[in-house]
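Worksheet: the structure to be examined is printed underneath.
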Number of protein chains: 2
Amino acid sequence: MDNHLVFGELDLTSLLSLSFSSSINELHDKLSELGFGDLRPVHGFMFKCITPDGATGIELAEYLGITKQAVSKIVDFLEKSGYVMRQTHPTDKRGKIIVLTERGWLAMKVKDEILTEIEQRWIENIGTERMQMLKEDLTKLVYEANEGKLSSRIRPVW
Amino acid sequence: MDNHLVFGELDLTSLLSLSFSSSINELHDKLSELGFGDLRPVHGFMFKCITPDGATGIELAEYLGITKQAVSKIVDFLEKSGYVMRQTHPTDKRGKIIVLTERGWLAMKVKDEILTEIEQRWIENIGTERMQMLKEDLTKLVYEANEGKLSSRIRPVW
DNA sequence: ATAATATCATCAATCAAGTTGACTATTTTG
DNA sequence: CAAAATAGTCAACTTGATTGATGATATTAT
């Protein structure tokens with residue numbers, strides 16, 4: 001049987017999960033090759049939220065869809081690994097601002113380059129216009145599902 | 001700022017994750033209302049793999065992207081909750097075949113109905129043709145990422 | 001035909017990654 | 001100014017997975 005037909009039978013939720021994991025797995029395979037083998041998918045999303053000005057623990061927790069303590073633990077690891085730093089909050093003495101280090105900025109840059117390559121290959125597969133429509137449609141679906149609210153809680157369910 | 005613009009800035013991996021979680025969250029909200037509040041997302045995917053003829057532990061592990069023991073634990077829970085049964089394998093005395101019970105089939109049917117409703121609403125949002133293209137494009141991307149192999153490992157990374 | 005090897009499902013132990021509730025210092029609110 | 005709320009962290013706990021071993025069975029090699 002033509003395998004393409006088999007995939008054609010996948011329902012939308014399976015397609016979304018597999019597409020997501022495919023791209024993230026490829027990204028991390030390449031990050032490993034480049035010396036960033038200690039990074040997990042959540043780190044990449046955290047870096048994205050942190051740039052360019054830093055982010056608080058609360059902001060990261062909301063964005064990622066995990067608790068403040070979980071964020072704190074991840075930041076502990078990333079700080080120890082040299083990707084981020086905790087800074088005091090400019091206006092709130094209770095608060096901390098998590099910022100990227102030079103190595104963190106490098107990792108972020110490399111990540112973006114790899115994702116651009118992956119997406120470019122996907123564009124060659126389905127065409128520029130179709131990629132544009134794919135993104136627009138997914139954006140509409142997410143927008144509708146969240147009743148117009150800002151996106152957060154990136155962590156996929158399971 | 002127009003929130004739509006904000007979403008427009010989401011990268012593809014974020015869009016995929018959020019789309020996935022949005023649909024699964026809505027599904028499980030409705031399943032809870034209908035008395036299936038003890039079901040997790042992985043259960044729905046497991047039911048799908050099981051139908052119509054049952055599945056072995058190995059098949060479920062591969063399909064879901066978790067270990068045989070993790071499957072065994074989940075099957076323990078679902079058996080206790082009345083959704084599945086273990087049967088002896090027809091040709092391999094070592095093996096078991098996991099099948100759905102009447103309640104399992106009902107849950108599967110209700111799940112499919114809810115997902116059809118969600119998808120119908122999404123079709124009303126973006127149009128029949130665009131939904132068709134969305135699925136085709138995601139299928140191509142997953143197919144290419146898996147080098148033409150059959151889909152498995154549904155569990156999203158994180 | 002038999003022995004060696006591999007496999008299936010399950011077991012117990014372990015681990016990773018998260019959550020919970022409490023705490024202190026600080027900010028906000030009444 | 002006092003009460004209430006909040007930010008981040010702590011320790012303990014929970015959840016959901018993995019690991020390696022086991023016994024029964026199947027497959028493979030001789």
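Here is how names work: the chains are called A, B, and so on, in the same order as the sequence lines, proteins then strands, and each is numbered from 1. The structure presented is a predicted model; accordingly, all values stated were derived computationally and were not measured.
- At dA17(C), one or more side-chain N or O atoms of Arg40(A) fall inside 4.0 Å of OP1 or OP2 (strictly under the cut-off).
- Lys73(B) contributes no side-chain N or O that forms a donor-acceptor pair with the base of dG16(D) under 3.5 Å.
- Taking the nucleotide of DNA chain C with the nearest heavy atom to each of His89(B) and Lys93(A), the more 5' of the two is matched to His89(B).
- Using a 3.5 Å distance cut-off with no hydrogens or angles, the side chains of Glu136(B) and Gln132(B) do pair a donor with an acceptor.
- Closest contact between the side chain of Ala70(A) and the listed nucleotides dT18(D), dT25(D), dT19(C) involves dT19(C).
- At a threshold of 4.0 angstrom between heavy atoms, the contacts of Lys68(A) include nucleobase atoms, whether or not backbone atoms are also involved.
- Using a 4.0 Å heavy-atom cutoff across all strands shown, Thr67(B) reaches at least one base atom of the nucleic acid.
- Nearest to the side-chain atoms of Arg94(B) among the listed nucleotides dC11(C), dT25(D), dT19(C) stands dT25(D).
- Looking at the side chain of Asp92(A), the nearest of the listed nucleotides dT9(D), dG18(C), dT27(C) is dT27(C).
- Checked against a 6.0 Å centroid threshold, the rings of Phe47(B) and Tyr83(B) count as neighbours.
- Distances were taken from every side-chain heavy atom of Gln69(B) (C-beta onward) to each of dG8(D), dT10(C), dT19(C); the shortest belongs to dT10(C).
- Contact annotation: Trp158(A) side-chain N/O to dA17(D) OP1/OP2 distance is under 4.0 Å.
- Counting only heavy atoms from C-beta on, Arg86(A) has its side chain closest to dT9(D) among dT9(D), dT19(C), dT18(D).
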